[in-house]
Amino acid sequence: MKDILADKNIVLGVCGGIAAYKSAELLRLFIKKGAKVRVMTSKSALKFIGEATLAALSGTSVCSDLFDAETADDGAAIKHIEWAETADAVVIAPATANMVGKLANGIADDALSTFLLAVTAPRFICPSMNTHMYENRAVQRNLDRLEQDGYAILEPGSGSLACGTVGPGRLPEPHEILALVTAGLTPKDLASQKVLVTAGPTHEPLDPVRYIGNPSSGKMGFALATAAADRGADVTLVSGPTVLADPPGVELVRVKTAQEMYTAVMERFADLDILIKSAAVSDFRPDTCCDQKVKKDKAADTICLARNPDILKEAGHAKKQQLLIGFAAETEHLEIYATGKLKEKNLDMIVGNLVTQAEAGFQADTNQVTLFFKDGTHATLPLMEKAQLAHVILDHIRQLPAR
Ligand code: PMT
């Protein structure tokens with residue numbers, strides 16, 4: 001499956017602000033996803049970032065002047081019109097107060113602002129400026145107006161800015177802008193669906209500093225939650241301990257133990273359309289948890305275990321309208337064990353994950369899985385990025401018979 005940005009024509013607009021240096025990294029990320037990127041800058045942007053850098057990274061000349069014949073090497077005689085007509089998306093990063101003001105008021109006095117008036121494709125504005133400028137009522141009014149006019153606005157981050165002020169105004173990181181654009185361009189085929197995804201490991205404490213756990217990073221579950229949210233679903237992500245950043249547009253419930261995960265899932269279960277359980281839940285917990293760190297000379301040689309609730313199995317018994325998707329992390333006999341769990345837990349589909357394979361399973365950015373269905377069929381998928389796999393899994397879920 002291709003990335004949503006693959007082969008898309010993206011015009012990256014760069015304005016004159018200190019954050020212009022980040023546009024080079026953003027451009028690189030778009031190209032890495034297979035997009036074709038053309039860069040248009042304001043005149044002052046080129047005081048902050050070199051034209052040669054943007055041209056080298058995009059593989060084509062940069063347009064900064066409506067009347068510059070030398071920039072017409074891509075055959076576009078009237079660039080602002082030709083680029084506007086062929087663009088699948090336009091991203092302005094960074095967008096200065098000046099550019100925001102011009103766009104909000106329909107002013108076209110340079111290449112970028114003229115081009116933007118001719119664009120009908122989705123437009124993403126990433127404002128970045130001094131905090132007082134950003135909070136200025138005129139700028140806020142202009143941003144509100146742009147939002148009403150259908151521009152997607154990415155709120156700037158907060159922190160210590162290059163100009164010395166502390167507060168909002170920082171251009172979000174290139175990967176955050178990439179996520180916004182990806183979400184904005186993804187078809188909303190899961191709109192109105194309530195989806196709950198579980199992710200990560202559970203930690204079952206022995207004492208305040210020790211626990212029973214497993215190596216799950218949460219990447220698979222976070223990728224599924226992000227993909228479902230990008231596709232318009234109303235997503236809750238119940239995650240065990242991970243170091244991953246909160247995915248945008250998702251309700252995130254952080255838990256530690258299997259029992260906490262059980263409560264968080266079952267409280268929400270009745271209203272769900274789809275439950276996807278990619279979390280690696282510990283089947284057992286220590287039957288007692290000491291209040292203080294256990295001293296090694298006083299510790300027993302054995303740990304007594306109590307069984308945790310099987311969340312998915314209970315959901316399988318309780319299910320009505322919900323589609324239930326499980327994962328099976330196995331080290332051998334994938335088909336036998338995965339299909340056993342499919343039946344035992346009353347699932348609609350199970351994702352069989354042979355975690356001993358290279359680049360697959362725990363912690364990797366990629367995964368290779370086989371999907372097993374209730375009718376006895378299966379689909380073995382190739383190794384791919386977890387972000388991409390998440391979309392393929394959702395495609396299969398959409399094709400499951402409705403309950
Ligand atoms: O997080 P990553 O590093 O990206 O790794 C991804 C992954 C390897 C964790 C993921 O792809 C995966 O395989 N998840 C399932 C792990 C697992 O616990 O499998 P299992 O076979 O033990 O459990 C079967 C199913 O029952 C799972 O959907 C599990 O969430 C669920 N279960 C298990 C035990 C329990 N007490 N309650 C449950 O709900």
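Atoms within a ligand are numbered from 1 in the order they appear, just like the ligands themselves. Model, not experiment: these values are computed from the prediction. One-based numbering along the sequence shown. FYI, side chains are in, hydrogens and waters are out, and symmetry mates aren't considered; it's all heavy atoms of this structure.
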Mark the output for [X] as yes if a heavy-atom distance to ligand 1 is under 4.0 Å, and as no if none is.
X	answer
Asn308	no
Ala328	yes
Lys313	no

Identity and separation of the nearest protein heavy atom to [atom]:
atom	answer
atom 23 (O) of ligand 1	Phe327 O, 3.7 Å
atom 36 (N) of ligand 1	Pro309 O, 3.0 Å
atom 34 (C) of ligand 1	Asp283 OD1, 3.2 Å
atom 7 (C) of ligand 1	Asn353 OD1, 4.2 Å
atom 22 (O) of ligand 1	Lys341 NZ, 4.2 Å
atom 28 (O) of ligand 1	Lys277 O, 2.6 Å
atom 32 (N) of ligand 1	Lys345 NZ, 3.9 Å

Hey, are the side chains of Ile276 and Phe327 touching, using non-hydrogen atoms and a 4.5 Å cut-off?
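They are in contact (side-chain heavy atoms under 4.5 Å apart), so the answer is yes.
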
So, applying side-chain contact (heavy atoms from CB on, under 4.5 Å) with Ile397, which one of Ile325, Leu371, Asp348 is it?
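Among the candidates, only Ile325 passes.
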
Give me each pair satisfying salt bridge (charged side-chain N to carboxylate O under 4.0 Å, His left out) with a member in residues 212-223, each pair once, sequence neighbours excluded.
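Non-adjacent pairs meeting salt bridge (charged side-chain N to carboxylate O under 4.0 Å, His left out): Lys219-Asp365.
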
Can you give each donor-acceptor pair under 3.5 Å made by side-chain atoms of residues 164-183, sequence neighbours left out, with the distance rounded to 0.1 Å?
| unit_1 | atom_1 | unit_2 | atom_2 | d |
| --- | --- | --- | --- | --- |
| Arg170 | NH2 | Ser158 | O | 3.1 |
| Glu173 | OE2 | Lys22 | NZ | 3.1 |
| Glu176 | OE1 | Glu173 | N | 2.8 |
| Thr182 | OG1 | Leu178 | O | 2.7 |

May I ask you to check if ligand 1 and Ser278 share an N or O to N or O distance below 3.5 Å?
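Between Ser278 and ligand 1, an N or O pair is found under 3.5 Å apart.
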
If we set the cut-off at 4.0 Å for heavy atoms, which region of Val351 has an atom near ligand 1: side chain, backbone, both, or neither?
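No part of Val351 comes within reach of ligand 1.
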
Shortest non-hydrogen separation from His378 to Phe372 and the atoms involved:
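For His378 and Phe372, the tightest heavy-atom pair comes out as CB-CD2, 3.6 Å.
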
Residue pair Glu251 / Thr236, side-chain donor-acceptor N/O under 3.5 Å:
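There is such a pair (donor and acceptor under 3.5 Å, judged by atom type) between the side chains of Glu251 and Thr236.
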
